[in-house]
Number of protein chains: 2
Amino acid sequence: MNATRDLFPLVGVDVALFCVDDGRLQVLLVKRAEEPAAKQWALPGGILKPHLDNSLEAAARRVLAHKVSVELPLVEEVCTFSGPDRDPRGWSISVLFYALLPRDKVNALVRNKVEALEWVGASAPGHRLAFDHAQHLTTSVQKLRAKVDAGKLPLHLLPEKFTLTQLQRTIEAILGRELDKSSFRRQLKSSSDVVELDEYERGAQRPAQLFRASDGFTF
Amino acid sequence: MNATRDLFPLVGVDVALFCVDDGRLQVLLVKRAEEPAAKQWALPGGILKPHLDNSLEAAARRVLAHKVSVELPLVEEVCTFSGPDRDPRGWSISVLFYALLPRDKVNALVRNKVEALEWVGASAPGHRLAFDHAQHLTTSVQKLRAKVDAGKLPLHLLPEKFTLTQLQRTIEAILGRELDKSSFRRQLKSSSDVVELDEYERGAQRPAQLFRASDGFTF
DNA sequence: AGAATAGTGTCTGTCAGACAGTATCGC
DNA sequence: GCGATACTGTCTGACAGACACTATTCT
């Protein structure tokens, strides 16, 4: 085993799966069932299987398919981690991705008896993470935040139809600060990323207009 | 060989080495000496060697050390490319980096007899590139441009001491558009990334004040 | 009516682009 | 003086933050 490790590195993928629930950015952790790092909390991940995976992103989706029962709308690479010491099995590469789970799909977690799953606050996981996954998590949050800061709208975290207030709360959860309602709406009115619908969401108070992502939208 | 390929992917690194010379953003190409894709132009790259490399970035630096006789100030990951078909040898991963070469070191290329080296315009290479390297190049340029667009200063492309006009020309070469001199200088005066020196570069006309990167500068 | 949320109008300071103007060198 | 490059001053339109205001629903 270690003989091959000297020629070929171990290649794996890890995924930070984000959702925004209860106004907070959350990330999915798993309690590992197998060695190495058994019984420790970590980001979901797995080993690349060339005969199953058509790409590294496909591997990331396959790894998550065991835990989430819906197709994820967005899986995007963050960066790689590599070196001889980060995994006890030897020289290894981990390609890190983040994925966004729509707010109305947060209960699509397949309850796997073998392992425990838990949503935790992305900026305060509350568990010690195995391997270098603490760094994985902070890097993933930074990348997500940078994109939203640059003006990208995280529509993949919302249902297909959403209100502007829902979108604002989602962005606030990612950025960690409150936005001005007036400026925010002005900005979106002149944006080509969202289109207004002739539908309204009836809630406890005044109904709110619904929007959806425009056809050419990309995160 | 192909038997192992089914279990372990081929892992390599490729590097887009940029410099700005003659007011244009240029990238280094090599004419490949060995199979696969022998005699075709490509970005410099090589296979990861776990017994030599401490990380993927170290592998990228090692690959370039054969071509450039100075330590590069910045090597940064762009993204990965992967899949069963992108290399004739089988399932493969390429981790792409870009690197920046200071303007006063553009002649630090080691003349390797075996292979041809050539600086070409980054947005119009003039050669058909092997593998998926054309995509590698455009993605690298996009990433570099995005960072500069976001306000980062590409000081690693300049000598240790530089004038504001040199910096402006460098940024213009990356962005592909001209900047307003007044706005540009106003912005830099309030920036903590550069510090002014009490030295001036004497040229054919009025001497220009020299600047250097501040101590805490990071690209 | 009152609470709660949706949505709008207005003011103002900031700042980037435009561009004219000044300064300092070599010749 | 003249050309060339370095550097500065001023105007203006666009826009983001702040915040008050109106609108529509439920109870």
Side-chain angles (χ1 to χ4, degrees), chain A residues 20-23 103 145-155 158-159 161-212, chain B residues 20-23 103 145-155 158-159 161-212:
Chain A
V20 170
D21 197 20
D22 195 24
R103 175 194 176 74
R145 190 172 289 171
K147 262 193 111 153
V148 173
D149 245 328
K152 295 283 186 177
L153 302 176
L155 304 184
L158 293 165
K161 300 176 182 179
F162 53 87
T163 70
L164 292 189
T165 301
Q166 285 171 356
L167 176 55
Q168 186 179 342
R169 296 285 172 267
T170 300
I171 293 178
E172 287 172 341
I174 294 172
L175 296 183
R177 60 185 172 89
E178 295 191 350
L179 301 177
D180 180 76
K181 180 170 51 168
S182 177
S183 303
F184 181 72
R185 301 173 93 91
R186 208 169 24 206
Q187 206 175 315
L188 289 186
K189 284 284 165 70
S190 65
S191 160
S192 60
D193 284 339
V194 296
V195 296
E196 54 181 355
L197 302 174
D198 280 334
E199 299 176 52
Y200 292 82
E201 182 167 84
R202 310 190 65 82
Q205 284 80 23
R206 172 173 174 176
Q209 189 170 11
L210 288 169
F211 290 72
R212 66 166 175 84
Chain B
V20 171
D21 197 19
D22 194 24
R103 174 194 176 76
R145 189 171 291 170
K147 262 192 113 153
V148 174
D149 245 327
K152 295 283 186 177
L153 302 177
L155 303 185
L158 293 166
K161 299 176 182 180
F162 52 87
T163 70
L164 292 190
T165 301
Q166 286 171 356
L167 176 54
Q168 185 179 344
R169 295 285 172 266
T170 301
I171 293 179
E172 286 172 342
I174 294 172
L175 296 183
R177 61 186 173 89
E178 296 190 350
L179 301 177
D180 180 77
K181 179 170 49 171
S182 177
S183 304
F184 181 73
R185 300 173 94 91
R186 207 167 25 205
Q187 205 176 314
L188 289 186
K189 285 283 165 70
S190 64
S191 161
S192 61
D193 284 339
V194 296
V195 295
E196 54 180 355
L197 302 173
D198 280 333
E199 301 176 50
Y200 292 82
E201 183 166 83
R202 311 190 65 83
Q205 285 80 24
R206 173 175 173 176
Q209 189 169 13
L210 288 169
F211 290 72
R212 65 165 176 84

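Chain naming here is simple, since letters A, B, ... match the order of the sequence lines and numbering starts at 1 in each. Values below: all heavy atoms of this structure, side chains included; hydrogens, waters and symmetry mates excluded.
The side chain of B/Ala208 lies closest to D/dA6, out of C/dT8, C/dT5, D/dA6. For A/Gln205, the side-chain atoms get nearest to C/dT5 when compared with the rest of C/dT24, D/dA6, C/dT5. Distances from the side chain of A/Gln209 to the nucleotides C/dC25, D/dA6, C/dG7 place C/dG7 closest. The side chain of B/Lys189 has D/dT8 as its nearest neighbour among D/dT8, D/dT24, C/dT8.
In terms of phosphate contacts, B/Lys181 brings no side-chain nitrogen or oxygen within less than 4.0 Å of OP1 or OP2 of D/dT5. Listed pair A/Arg206 / D/dA23 fails the phosphate criterion, with no side-chain N or O lying under 4.0 Å from OP1 or OP2.
Residue-to-nucleotide contacts include a donor-acceptor pair under 3.5 Å from the side chain of B/Ser182 to the base of D/dG9.
Remark: C1' of D/dA6 and CG of B/Leu197 are 16 Å apart, rounded to the nearest angstrom. Put simply, CD on A/Glu196 is 9 Å from P on C/dT8, counting in whole angstrom units. Atom pair A/Arg185:CZ and C/dG7:C1' shows a separation of 5 Å (rounding to whole Å applied). Rounding to whole angstrom units, CD of residue A/Gln166 and P of C/dG7 are separated by 11 Å. Whole-Å rounding puts the B/Leu179 CG to C/dC19 C1' distance at 16 Å. Per the geometry, CZ belonging to B/Phe184 stands 12 Å off P belonging to C/dG17, to the nearest Å. In this structure, B/Glu172 places its CD atom 14 Å from C1' of C/dG17, rounding to the nearest Å. Here the P atom of nucleotide D/dT10 and the CG atom of B/Asp180 are 16 Å apart, to the nearest Å.
With rounding to the nearest 0.5 Å, the separation of CZ in B/Arg212 from CG in B/Leu158 is 14.5 Å. The CD atom of A/Gln187 sits 11.5 Å away from the CG atom of A/Leu164 when rounded to the nearest 0.5 Å.
Toward the 5′ end of DNA chain D lies the nearest nucleotide of B/Tyr200, the other residue of the pair A/Ser183 and B/Tyr200 mapping further downstream.
Between A/Leu155 and A/Asp193, the shortest heavy-atom distance links the atoms CD1-O, 4.0 Å. Of all non-hydrogen atoms in A/Gln168 and A/Leu179, the two that sit nearest each other are NE2-O, 3.0 Å.
No engagement by B/Gln187 is indicated, since no non-hydrogen atom pair under 4.0 Å with the nucleic acid exists. Within 4.0 Å of A/Arg186, counting heavy atoms only, lies at least one base atom of the nucleic acid. The residue A/Thr163 sits apart from the nucleic acid: no heavy atom pair falls under 4.0 Å.
In this structure the side chain of B/Thr170 never reaches within 4.5 angstrom of the side chain of B/Glu172, judged on heavy atoms.
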